[in-house]
Amino acid sequence: MKPTLIFLAIVMLLLTACTPEKKSLGDEILGTWVNDSGYSIQFLPGGSGFIPGVEGQIPDSTFVYSIIDDSHITIDLQGQSQTIGIVIEGDQLTWKDSLGDVAYTRVK
């Protein structure tokens with residue numbers, strides 16, 4: 001009986017050691033993301049970000065963001081604050097707000 005318990009304990013330790021650690025939303029969100037329309041958003045370390053403008057139409061914008069939990073951020077852009085739902089699966093980010101969902105792909 002004792003060898004069986006020791007074997008099970010070793011197996012459990014090995015399975016725990018092999019389980020990949022899930023990155024936090026704060027780590028996963030870093031980088032540049034682009035949607036199907038060609039618009040991009042960049043999340044920088046330290047809670048700042050950048051949205052390139054559209055020449056002659058929209059100026060470049062900087063923003064501040066904070067992580068609320070593992071699926072929500074708050075963005076402060078031009079004096080307005082908005083809570084956004086964020087789902088990241090691999091290199092796909094889904095932005096969820098009151099206007100609907102927008103899919104972004106990580107730029108490598």
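More than 12 heavy atoms of other residues, nucleotides or ligands lie within 6.0 Å of CG in D101, so this atom counts as buried by the packing criterion.
At a threshold of 4.5 Å between non-hydrogen side-chain atoms, the residues L25 and I73 count as touching. Side-chain contact between Y39 and V54 is present, with at least one heavy-atom pair separated by less than 4.5 Å. Side-chain atoms of K96 and V87, non-hydrogen and from C-beta on, do get closer than 4.5 Å to each other.
Taking CD1 of I84 as the reference point, atom CD1 of I29 lies at 9.5 Å (rounded to 0.5 Å). For the atom pair OG1 (T62) and CD (Q42), the distance works out to 11.5 Å, reported to the nearest 0.5 Å. For the atom pair CG of L77 and OG of S61, the computed distance is 5.0 Å after rounding to the nearest 0.5 Å. Atoms CD1 and CD1, on I88 and I86 in that order, are 6.5 Å from each other to the nearest 0.5 Å. Here the CH2-OG1 distance, from W33 to T94, works out to 9.5 Å after rounding to the nearest 0.5 Å. Atom OG1 of T74 and atom CD1 of I67 lie 9.0 Å apart (nearest 0.5 Å).
Taking each heavy atom of S40 and T32 in turn, the nearest pair found is CB-CG2, 4.3 Å. Residue L99 comes nearest to D97 through the heavy atom pair N-OD1, 2.9 Å, listed as atom of the first residue, atom of the second, then distance. When all heavy atoms are compared, the tightest approach of Y65 to L30 is OH-CD2, 3.4 Å.
The ring pair (Phe, Tyr, Trp, His ring centres under 6.0 Å) test applied to Y104 returns no partner, not counting sequence neighbours. Residues forming a salt bridge (charged side-chain N to carboxylate O under 4.0 Å, His left out) with D91 (at least two apart in sequence, or on another chain): R106, K108.
Note: F43 and W95 have tilted aromatic rings, judged against thresholds of 30 and 60 degrees for the angle between ring planes.
Under 3.5 Å, the side chains of S81 and D76 contain a donor-acceptor pair of N or O atoms.
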